[in-house]
S.K.: 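So that we are looking at the same thing, I have put the structure below in structure tokens.
Below, read A as the first sequence line, B as the second, and so on, with proteins coming before strands; counting in each chain starts at 1. This is a predicted model, so every value here is computed, not measured.
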Protein chains: 2
Amino acid sequence: MREVYLDNGSATPIDIRVHEAMSPYCRELFGNPVSFGDRGNRASDAIEEARSQVGSLINAPENEIIFTSCGTESNNMAIKGLAVARRGRGRHVIISSIEHFSVLHPARTLEKFGFEVTYLPVDEYGLVDPDQVKKNIRQDTTLVSVMHANMEVGTIQPLKEIAEVVKESGAVFHTDAIATTGVIPVDVQELGIDCLSLAANEFYGPTGAAALWLRRGIQIIPMLEGGVQESDKRSGTHNVPGVVGLGKAAELAQQDMQSRNEQITKLRDRLREGLQEKIKHINLTGHPTQRLPGNVSLCVNFIEGEAMLAFLENQGIAAASGSACTSKMLKSSHVLNAMGYPPEIAQGSLLFTIGAENTDEDINYVIESFPPIVERLRQISPLYDKYLKSQKGGK
Amino acid sequence: MREVYLDNGSATPIDIRVHEAMSPYCRELFGNPVSFGDRGNRASDAIEEARSQVGSLINAPENEIIFTSCGTESNNMAIKGLAVARRGRGRHVIISSIEHFSVLHPARTLEKFGFEVTYLPVDEYGLVDPDQVKKNIRQDTTLVSVMHANMEVGTIQPLKEIAEVVKESGAVFHTDAIATTGVIPVDVQELGIDCLSLAANEFYGPTGAAALWLRRGIQIIPMLEGGVQESDKRSGTHNVPGVVGLGKAAELAQQDMQSRNEQITKLRDRLREGLQEKIKHINLTGHPTQRLPGNVSLCVNFIEGEAMLAFLENQGIAAASGSACTSKMLKSSHVLNAMGYPPEIAQGSLLFTIGAENTDEDINYVIESFPPIVERLRQISPLYDKYLKSQKGGK
């Protein structure tokens, strides 16, 4: 059976060149970067090279890059670390209502510890309105966090416009750019932001390697305290092969982004159009044009995401429903909910994320295989049955 | 030139069998354990196997193992997470004065947020007296944390006796067992403790993979919030190869511990005796018998650790001075300080940590090479010169 991996939003395969860069540090060149001598220095040099590669990818000075263990750590560190460090100025925080749980949950924790959080609404495409940000900013607002793009529906936010509004207010602006860094151009200076989360496993790097960029001079409370690593902002023995992999993936992303995206965007558009043409009663979710290159998100009416995933899996096709972190939970998505989709439509959400290793044949295979699955599932769907009867009744 | 790695306390080389177990998950079997379908399930199964391997190593139920990214994360999570979760009961915390910075610094942060911390003294060998623990426990003491063994001086604490005292009080007992887990037998039930930190890179596993064991029913505030991983206690996409490596390293440690330690202890004793015999004016630090198998810690009088490290490096020998995390900082050690060593002796601290890959020839080489280095450095040492003069003057 053909195997088609269209779940690149959950984890991308590691680029073979990234793997090759990491390999020596797994065994022969193992070492603790804080150790004295050659072995420590080699590891330390490798970390610093990765820092410069990551800095270059987002146009930030390398000494403003803080390595972390995952995107979730970067987001937690940003939300809790910035809000608590700046609590003298005020205790009001603004985030969008479609943030990833690794931003949402820390915000809720802040509420438990006496902070006030405003959750910004989004429109039907998942867009945050910069005017809404402006309206909600107060004198005691210290932190605003709006994601760069939402993985679940693909929508890219007008980040620069939002950042301008935040800057005027004196609050600090963080963005969860885990879905975009290494995927589309991200220039922190041009965007005018203060702090950004990124993770290697979204751009053909390893899991276990991520970073937080924090503009110099902005105070933050570290979460992981102890040793001397990362200028005291994030202690803990470095995952050296992981950091090396993140660096190499950043270098390759910078180099290959354009060619990767030309191919991926073509495949995405063909899949979107193919599915829309062949399947009745579907909603393509997210913004039609301001969207991630590889993201095809949709809601298929009258059937459940879970059932579609199982049937797709049966045909060798890996996809997702809801966010990567909740595919197995299969709760109705808070993102689609905020965009105004009622639960009976949101439950049929499906997400194909196309990556650099996908081909034309992969997409053809999905366009051929998926519509019959939908057909089959609808034949046994009480909701669809009800719909058909209501149509007849209406005649 | 011969290369002798005696810095296993900073990072052990990865066992080739661990590396082989990890490799498939780096590329072919990449996947996010929370994803739907075969790829996710395979990754998830691998994580659960590692959980059972780690549980087995310390005799804990596997569902009480929480995977983290490093020992520092485990310690931070334990100290801050337990103290804050239990703040309703009281705000007094006890730790020993020779804890690693990843316990000490979180304790200091607790002080900033209204907690009171008692720092227990140690004797000349670095031992904590269980009676001291008893004396300092109060009604509002919620957490006691004493490390299992100190990496810098090798001393193993009477953990079971301390745990008994803590248990009577109703406080929770955490131990930083990063230096001991996978190295000497650690049985959490027999020790009678509640929470334990461990890290793979201390027993031939990878960096970037560690765990916290927390006895069921004990409340903790998670640091990394977000997804659904680790029963909501530690969110974030799993570093799958790292976790697999941790599991395999745990399995091998259980299997090979005895034979490894027979060899390592012999080498340790030979090195200790050889150096003591050949070098005048040295102090072997830590407890003479209750000590880590591979640990040879000493203070060489009249010269500085830094200079010795440089000369040893020049002869191809990797060692450490102070703790792994401060070798490059070369501050006087808070551990030796607490043990009563004055700064002028503590500055000459040196640490050889022997691992499973070291041989008789390695030890012979150090016993041959090191004394001439000490001789040479003493010839240019003003402190030694002063000492000699004082001796002459005294005659």
S.K.: Could you tell me which non-hydrogen atom of Asn239(B) sits nearest to which non-hydrogen atom of Gly208(A), and how far apart they are?
M.R.: CB-CA, 3.7 Å
S.K.: Where does Tyr204(A) contact chain B at under 4.5 Å (heavy atoms): side chain, backbone, both or neither?
M.R.: neither
S.K.: Measure the spacing between CG of Leu224(B) and OG1 of Thr72(A) and express it to the nearest 0.5 Å.
M.R.: 6.5 Å
S.K.: Taking Val240(A), Leu312(A), Thr109(A) one by one, which has the highest count of heavy-atom pairs under 4.5 Å against chain B?
M.R.: Thr109(A)
S.K.: If I measure from the heavy atoms of chain A, does Tyr25(B) come under 4.5 Å with its side chain, its backbone, both, or neither?
M.R.: neither
S.K.: Measuring from atom OG of Ser10(B) to atom CZ of Arg39(A), what distance do you get when rounded to the nearest 0.5 angstrom?
M.R.: 11.5 Å
S.K.: Could you have a look at Ala209(A), Gly245(A), Cys26(A), Pro13(A) and say which one has the most heavy-atom pairs with chain B under 4.5 angstrom?
M.R.: Pro13(A)
S.K.: Heavy-atom distances under 4.5 Å only: say whether Thr68(A) touches chain B with side chain, backbone, both or neither.
M.R.: neither
S.K.: So that I know where these two stand, are Phe30(B) and Tyr5(A) an aromatic pair - ring centroids less than 6.0 Å apart?
M.R.: yes
S.K.: Using non-hydrogen atoms only, which part of Arg108(A) is less than 4.5 Å away from chain B: side chain, backbone, both, or neither?
M.R.: neither
S.K.: Need one label for Asp15(A): side chain, backbone, both or neither, based on atoms under 4.5 Å from any heavy atom in chain B.
M.R.: backbone
S.K.: Nearest 0.5 Å, please: how far is NE2 in His19(A) from CZ in Arg27(B)?
M.R.: 8.0 Å
S.K.: Give, for atom NZ of Lys80(B) and atom CE of Met223(A), the distance between the pair rounded to the nearest 0.5 Å.
M.R.: 8.0 Å
S.K.: State plainly whether the residues Lys112(B) and Glu225(A) are in salt-bridge range, i.e. N to O under 4.0 Å.
M.R.: no
S.K.: With a 4.5 angstrom heavy-atom cut-off, could you sort out which part of Leu104(B) is near chain A: side chain, backbone, both or neither?
M.R.: neither
S.K.: If every non-hydrogen atom of Glu313(A) is compared with every non-hydrogen atom of Asp38(B), which pair is closest and at what distance?
M.R.: OE2-N, 2.7 Å
S.K.: Under a 4.5 Å heavy-atom cut-off, does chain B meet the side chain of Ile16(A), its backbone, both or neither?
M.R.: both
S.K.: Counting only non-hydrogen atoms closer than 4.5 Å, does Pro206(B) touch chain A with its backbone (N, CA, C, O), its side chain (CB onward), both, or neither?
M.R.: neither
S.K.: How many angstroms lie between CZ in Arg234(B) and CG in Asn76(A), if you round to the nearest 0.5 Å?
M.R.: 9.0 Å
S.K.: Given a strict heavy-atom distance threshold of 4.5 Å, which part of Ala310(A) is in contact with chain B: side chain, backbone, both, or neither?
M.R.: both
S.K.: Check this for me: Glu111(A), atom CD, are more than 12 non-hydrogen atoms of other residues, nucleotides or ligands nearer than 6.0 Å?
M.R.: yes
S.K.: Out of Ile221(B), Asn75(B), Val103(B), Thr12(B), which one racks up the most heavy-atom pairs below 4.5 Å with chain A?
M.R.: Thr12(B)
S.K.: Return the minimal non-hydrogen interatomic distance between Cys70(A) and Ser235(B), and the atom names on each side.
M.R.: SG-O, 4.5 Å
S.K.: How long is the gap from CZ on Phe101(A) to CG on Asp232(B), to the nearest 0.5 Å?
M.R.: 10.0 Å
